[in-house]
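Have a look at the structure below before the remarks.
Position 1 is the first residue of the sequence; numbering continues from there. Below, each value reflects all heavy atoms present in this structure, side chains not excepted, and no hydrogens, waters or symmetry copies.
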Amino acid sequence: MSTRVIPLFPLKIVLFPGMLLPLRIFEPRYRLMVQRCLESDGTFGVSLIQEGEEVGGGAIPSLTGTLAEISKLERLDDGELMLLCVGLRRFRIERLVEGEPYPQAEVAVLDEGDPADPVPEALLTEASTNLEAYLAGLSSLTTLSIAMPHGALSSIDLSYLMAATLQVERGKKQAILETPDVIERLQMLVGLFRAENERMEEFLAEARQHGDIYYRGRRLSLN
């Protein structure tokens with residue numbers, strides 16, 4: 001498997017392929033990194049921080065991350081940059097590379113498999129059904145109308161859409177990102193979605209009965 005050296009942005013977020021990522025860039029070293037990216041192919045790596053902080057340096061990244069491509073950039077008057085990025089492909093860090101003020105790593109881009117490889121139809125149906133129920137529940141808890149995307153999705157795209165949508169702790173999201181097999185990944189996601197849908201329905205039922213509840217720190221009223 002071939003490798004290449006890429007700029008690396010350790011963050012307290014797990015980025016999945018296909019997921020949009022807005023970023024505000026204010027540290028000079030990362031403004032330089034963005035400029036270098038724009039002069040090449042517009043990509044850099046995003047990896048969940050295992051230890052340390054986003055600002056100031058010294059963060060230890062998770063070994064599995066996702067390439068991000070800059071799709072939109074706005075330069076602010078104070079020199080800060082507003083980026084909109086999209087996740088492309090997963091990678092594995094082979095080694096960290098010194099020599100620049102921003103982090104770099106030698107990485108191997110990971111194989112996603114063939115989207116045409118067979119996946120049990122029952123698993124795809126269960127995954128889609130759980131995702132649809134989850135989106136309907138989120139719509140009930142917010143003022144937004146959230147719906148399933150139009151058009152057919154490959155099993156790989158469906159798994160990453162589910163992973164990006166699910167609101168769980170970062171450790172679980174990282175475990176999903178590190179799962180190489182799409183069937184295993186979908187099975188993991190179905191289990192997580194079942195638990196979240198049951199939890200959400202309990203909150204919704206309580207809200208319908210009592211009028212006000214707190215869900216993930218927010219006061220909600222469904223009456």
Side-chain angles (χ1 to χ4, degrees), residues 1-34 36-37 40-70 80-113 156 159-182 184-193 195-196 216-217:
M1 184 180 294
S2 63
T3 63
R4 62 183 173 117
V5 175
I6 62 170
L8 190 65
F9 203 165
L11 293 170
K12 290 188 174 181
I13 190 171
V14 179
L15 179 67
F16 292 97
M19 177 179 167
L20 293 177
L21 176 65
L23 290 173
R24 181 173 69 95
I25 308 297
F26 56 91
E27 285 191 81
R29 60 185 179 139
Y30 286 119
R31 294 206 300 264
L32 173 63
M33 184 194 81
V34 170
R36 297 266 178 85
C37 289
S40 58
D41 63 356
T43 65
F44 58 92
V46 172
S47 184
L48 176 67
I49 292 175
Q50 289 185 339
E51 296 180 25
E53 299 298 327
E54 293 179 345
V55 179
I60 299 175
S62 299
L63 294 183
T64 301
T66 301
L67 285 173
E69 181 177 45
I70 300 170
E80 292 185 4
L81 305 174
M82 301 298 294
L83 303 183
L84 182 62
C85 307
V86 62
L88 297 180
R89 295 281 303 276
R90 298 179 308 131
F91 63 79
R92 183 183 65 247
I93 294 176
E94 302 294 332
R95 65 183 180 93
L96 298 178
V97 176
E98 303 291 337
E100 296 290 354
Y102 49 83
Q104 297 183 109
E106 182 182 355
V107 305
V109 176
L110 299 175
D111 182 18
E112 294 293 350
I156 295 171
S159 73
Y160 286 135
L161 173 61
M162 293 177 73
T165 303
L166 188 61
Q167 302 300 299
V168 293
E169 55 267 31
R170 293 187 291 262
K172 289 183 178 179
K173 283 183 171 279
Q174 182 65 26
I176 295 167
L177 186 70
E178 293 175 2
T179 303
D181 180 73
V182 66
E184 184 181 349
R185 191 160 60 237
L186 284 170
Q187 290 170 335
M188 180 187 301
L189 283 160
V190 165
L192 291 169
F193 268 82
E196 286 297 304
R216 297 196 182 278

Would Phe193 and Met162 count as a side-chain contact (heavy atoms from CB on, under 4.5 Å) here? Give the steps. CA-CA 9 Å; Phe193 268 82; Met162 293 177 73; 3.6 Å; yes
Which value, rounded to the nearest 0.5 Å, describes the distance between Thr64 atom OG1 and Ile93 atom CD1? 8.0 Å
Step by step, would you call Thr43 with Ile6 a side-chain contact (heavy atoms from CB on, under 4.5 Å)? CA-CA 8 Å; Thr43 65; Ile6 62 170; 5.6 Å; no
Closest contact, heavy atoms only, Leu15 versus Gly87: CD2-CA, 3.9 Å
Heavy-atom closest pair (Asp111 atom, Arg89 atom, distance to 0.1 Å) is CA-NH2, 4.0 Å
From CG (Leu166) to CZ (Phe16), nearest 0.5 Å: 8.5 Å
Are a donor atom and an acceptor atom from the side chains of Thr66 and Arg90 found within less than 3.5 Å of each other? no
Within-4.5 Å side-chain heavy-atom neighbours: Arg29 and Pro103: yes
Quick one: does Gln174's side chain have a donor or acceptor within less than 3.5 Å of a partner on Gln50's backbone? no
Heavy-atom closest contact (Val182 atom, Ser159 atom, distance): CG2-OG, 4.2 Å
Does some side-chain heavy atom of Ile25 sit less than 4.5 Å from a side-chain heavy atom of Leu83? yes
After noting the C-alpha distance and the side-chain angles of Ile70 and Phe44, does the key distance pass the side-chain contact (heavy atoms from CB on, under 4.5 Å) rule? CA-CA 8 Å; Ile70 300 170; Phe44 58 92; 3.8 Å; yes
Close side-chain approach of Leu8 to Gln104, heavy-atom, < 4.5 Å: no
I'd like to know if the side chain of Thr3 and the backbone of Ala108 have a donor-acceptor N/O pair within less than 3.5 Å. no
Using 0.5 Å steps for rounding, measure from the OG1 atom of Thr179 to the CD atom of Gln187. 10.5 Å
Where the side chain of Ser62 meets the backbone of Leu48, is there a donor-acceptor pair that is under 3.5 Å apart? yes
Look up atom OG in Ser47 and atom CG in Leu67, then write down how far apart they are to the nearest 0.5 Å. 11.0 Å
With a 4.5 Å cut-off on side-chain heavy atoms, are Leu21 and Leu11 touching? yes
Looking only at heavy atoms, what is the nearest atom pair of Leu96 and Pro61, with distance? CD2-CG, 4.1 Å
I'd like to check Arg4 versus Glu106 (side-chain heavy atoms, cut-off strictly below 4.5 Å). Are they in contact? no
Answer whether the closest heavy-atom distance between the side chains of Val86 and Met19 falls below 4.5 Å. no
Could you report the tightest heavy-atom contact between Pro101 and Leu32, atom names first, then the distance? CG-CD2, 3.6 Å
pair Arg170-Ile13: side-chain heavy atoms closer than 4.5 Å: no
Other residues, nucleotides, ligands: >12 heavy atoms within 6.0 Å of Glu100 CD: yes
Should the pair Arg36 and Tyr102 be classed as cation-pi, given the thresholds of under 6.0 Å to the six-membered ring centre and 45° from the axis? no
How long is the span from the CD atom in Gln167 to the CG atom in Leu192, to the nearest 0.5 Å? 12.5 Å
Student check: side-chain heavy atoms of Leu186 and Met188 closer than 4.5 Å: no
Assign the ring pair Tyr30 / Phe9 to parallel, tilted or perpendicular, where the plane angle (0 to 90°) is split at 30° and 60°. parallel
Rounding to 0.5 Å, atoms CZ (Arg185) and CG (Leu189) come to a distance of 8.0 Å
Backbone N or O of Ala163 within a donor-acceptor pair of the Lys173 side chain at under 3.5 Å? yes
Do side-chain atoms of Arg31 reach the backbone of Phe26 as a donor and acceptor pair under 3.5 angstrom? yes
